[in-house]
Amino acid sequence: MDSLLSFSSVSKVYGDGGPGAVRALDDVTVAVPRGGFTAVMGPSGSGKSTFMNVAAGLDDVTAGEVHVAGHPLHRLDDRARTLLRREQVGFVFQSFNLVPTLDVRENVLLPFELAGRRLRTDEHAWVEHLLEVLGLGDRVAHRPGELSGGQQQRVAIARALAPRPAVVLADEPTGNLDTRSSREVLGLLRTAAREYGQTIVMVSHDPVAASYADRVLVLADGRLVGDHDAMTPQQIAELLIGFEVGAA
Amino acid sequence: MTTRSALVLGARRELGTVGLVAAMCGFYAGVLLVASETLRVNSESVGDVSAIGLVLGVVASVFIAVAVYVSAVVIVNGVDTVIAGRLKQIALLRLLGADARSLRGAVVRGTTGVAAAGGTAGVLAGVLTGDVTRAALVAADRLPDGGYALLPVLALPAAAVVTLAAAGAAWVGSRAVLRATPAQALSGASVPAPDSPRAGRLRRWLTVALIGSGALVLAGAAVLGESGNAIGFLAAALGAMLSGTGLLVGARLVVPRLVSLVSRLLGTDPPSKVAARNAVRDPGRTTRSTMGLVIGVTLVTTFAAGFAALRVAAASWDQTAAQAAQTDDILRHTSTIMICLVVVSSAIAAVGFVSTMSLGVIQRTREIGLLRALGFTSGQVRTMITKESVALSATAVGFGMGLGLAYGALGAQSLVGFQNDGFVWGLPGPVLAGIAVAGVLLVLAASWVPSSRAVAVTPVEALRSST
Ligand SMILES: Nc1ncnc2c1ncn2[C@@H]1O[C@H](COP(=O)(O)OP(=O)(O)OP(=O)(O)O)[C@@H](O)[C@H]1O
Ligand SMILES: [Mg+2]
């Protein structure tokens, strides 16, 4: 199976290597296959957001190689990376996701506009479907400032899924959602992965959310310390407790 | 108190524009006062005592008042922009128990202090420059050695006026402090509050009344000019003042729409689209940063167009070739002097424009990081910022030129219309070209630096920034 996203011996160090330096990623090697739904877990500060930023080419690596959809990200310049991101990556940030001056629909359609193409009929239907499933149908003309935190997050999810990018990277996409809408979003992500072969990498602290994934990676202190197949929420919770006890 | 003001306004650096604008305005006042003092003493020594001193004083005061007004508009905008970028912090202070009125008071005191220092330094520097120039001219025997006062009587009052205007401007510009509710600290976006319906209606009514009556008076002036009535020119001045005030009052209703029309011409790709939205993001701020430039461009164009019309008219008068050449010379020189006198207000407005644009971009660092993360290239970010600046300044320049051409021609018509067939008008080609070039330079100055800064950091750093 070809891997869509691969890290080989990737390290990311913040600071100049002196005593204040932080090793946010430490020699991480992992490959995410096409069509997989992967959860990334780990304690706060363990390097999950850094992992996602590096995977999206938003940040440089200090050492190692990152490949996305066959392109060597670590060797591309800013412009090439931007174009790659535009065409292959959908991103949901931990916070602040939407362009404040654009309304909901404009935010969701921004990736198409950036690619300079009109929506095909099936894409149009897909976008409408996303807005509907995410409960945004009657808010399409609103600006982000008029939405709740959870609604903003759902708009970001719609935007990431809309153009069917090679990979969707979602940093705690359910962090601001109540249990019900959280389940709906996770169901949507799983459907996208299973039925449309959408590759998804999702950061989460929530064992229930991670149980929707078919693979669970665990980071601790920047290292990849766990790589598991689909698990039940109970198994994941026990796994995490194990790490916390181990770390303490 | 100083610490309070620092909490609200942040580094004094952000008030740098206020100090600079106050200093420019003060410098201009200082130079003008020395010049009018010099002219007054000389006209007295010639024996032509009469009202010349008074007239010169009035003329100088009018020009200074215009510069002070433009400075005040710029300062309102400067303070408002700084506060807009700090609404969250202010809201947080309110959440922690700070009282809005005392926060606003701190802003006004901080701004006034900076303006007082800048204004006074500017006036003194202007007076000194004037004195030195005059001494040099006297030494070179180009001016008689009269008993000139080194410090014109009005110099210190001028500094006081600049300071007071700044205090008033800071008061107006800091309105937003009162609107910062503690809840905003917890939520996000700051949406500018629209006019209350009542204030909106009053504004509309006043605008229509002022512009309507001004237009009538201007039309009357043109007719009076045709019959050679001396009242004509006064009527034209009155009409221009009435309609100009109407435009200033009503600008808020029209300018954002004009800007958004102009920005729609710039394209429909994402950078243009976001630029168009940003240009009218805060209608009040859009209006003020545009109107400062409009006033400047209108003044320059009015004088240029007025004198161009007079020269066209004079060329057809019944005079000898020598007389005609002399008339044209006088008109040309007076025109240059007048334009130099009003161009300073444009420069002040331009400084304000550049500063508002840059601050606005800095405040959007995070948003720009997001756009880049979503696939805006550095080039597209630059394009976006440049187009926003083009939309604003093109509107200002176009509006100001149109207005100035009309005022200038009407003024000339009201003055000499009876000596010529038909309506008197002229097109000051070189000045219009100069304004256009200045407009392009302004766009570059206002967008190059902030956009370079915006793309210098990685998207992640930008997204992590707190502003
Ligand atoms: N710009 C930076 N400069 C210095 N250190 C940084 C920077 N960004 C992140 N770090 C550090 O890198 C480590 C990993 O951060 P990261 O944001 O990836 O954690 P995380 O796993 O996403 O945490 P959370 O679950 O709280 O979001 C942390 O120790 C953090 O303090
Ligand atoms: Mg994180």
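The sequence lines fix the lettering, A, B, ..., with proteins before strands; numbering per chain opens at 1.
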Region of A:R143 in contact with chain B, defined by heavy-atom distances below 4.5 Å:
side chain
Under 4.5 Å, counting heavy-atom pairs only, tell me which of A:Q152, A:R159, A:R81 racks up the most with chain B.
A:R159
If we ignore angles and hydrogens, is there a donor and acceptor under 3.5 Å between the side chains of A:D60 and B:T458?
no
Please look at A:N53 and chain B and tell me whether the side chain, the backbone, both or neither of the residue comes under 4.5 angstrom of a heavy atom of that chain.
side chain
Could you state the interatomic distance from CZ (B:R366) to OG (A:S95), rounded to the nearest 0.5 Å?
4.5 Å
Around B:R257, counting heavy atoms of other residues, nucleotides and ligands shown, do more than 12 lie under 6.0 Å from its CZ?
no
Checked B:D269, B:L374, B:V274, B:N278 vs chain A; the most non-hydrogen pairs under 4.5 Å come from B:L374
Report yes or no: does A:R79 contribute a side-chain atom to a donor-acceptor pair with the main-chain N or O of B:T377 at less than 3.5 Å?
no
Please determine whether side-chain contact (heavy atoms from CB on, under 4.5 Å) holds for the pair A:T82 and B:F376, giving the CA-CA distance in whole Å, both sets of side-chain angles, and the decisive distance to 0.1 Å.
CA-CA 7 Å; A:T82 303; B:F376 269 58; 5.7 Å; no
Contacting moiety of A:L83, where chain B heavy atoms sit under 4.5 Å:
side chain
Should we count CZ of B:R175 as having more than 12 external heavy atoms under 6.0 Å?
no
Select one option (side chain, backbone, both, neither) describing which atoms of B:Q380 are under 4.5 Å from chain A's heavy atoms.
side chain
Against chain A, label B:L371 side chain, backbone, both or neither, depending on which of its atoms sit under 4.5 Å from a heavy atom there.
side chain
Test log, rule side-chain contact (heavy atoms from CB on, under 4.5 Å), inputs B:K273 and A:T101:
CA-CA 10 Å; B:K273 195 160 160 185; A:T101 45; over 6 Å; no
Segment of A:E106 engaging chain B (4.5 angstrom heavy-atom cut-off):
side chain
Counting only N and O atoms by type, is there a donor-acceptor contact under 3.5 Å from the side chain of A:R85 to the main-chain atoms of B:R372?
yes
One option among B:G379, B:P271, B:A373, B:S378 has the most heavy-atom pairs under 4.5 Å with chain A, and it is B:A373
If you tally heavy-atom pairs under 4.5 Å between each of A:L84, A:L102, A:V89 and chain B, the highest tally belongs to A:L102
Would you name the heavy atoms of B:R281 and A:P100 that are closest together and state the gap between them?
NH2-CG, 3.7 Å
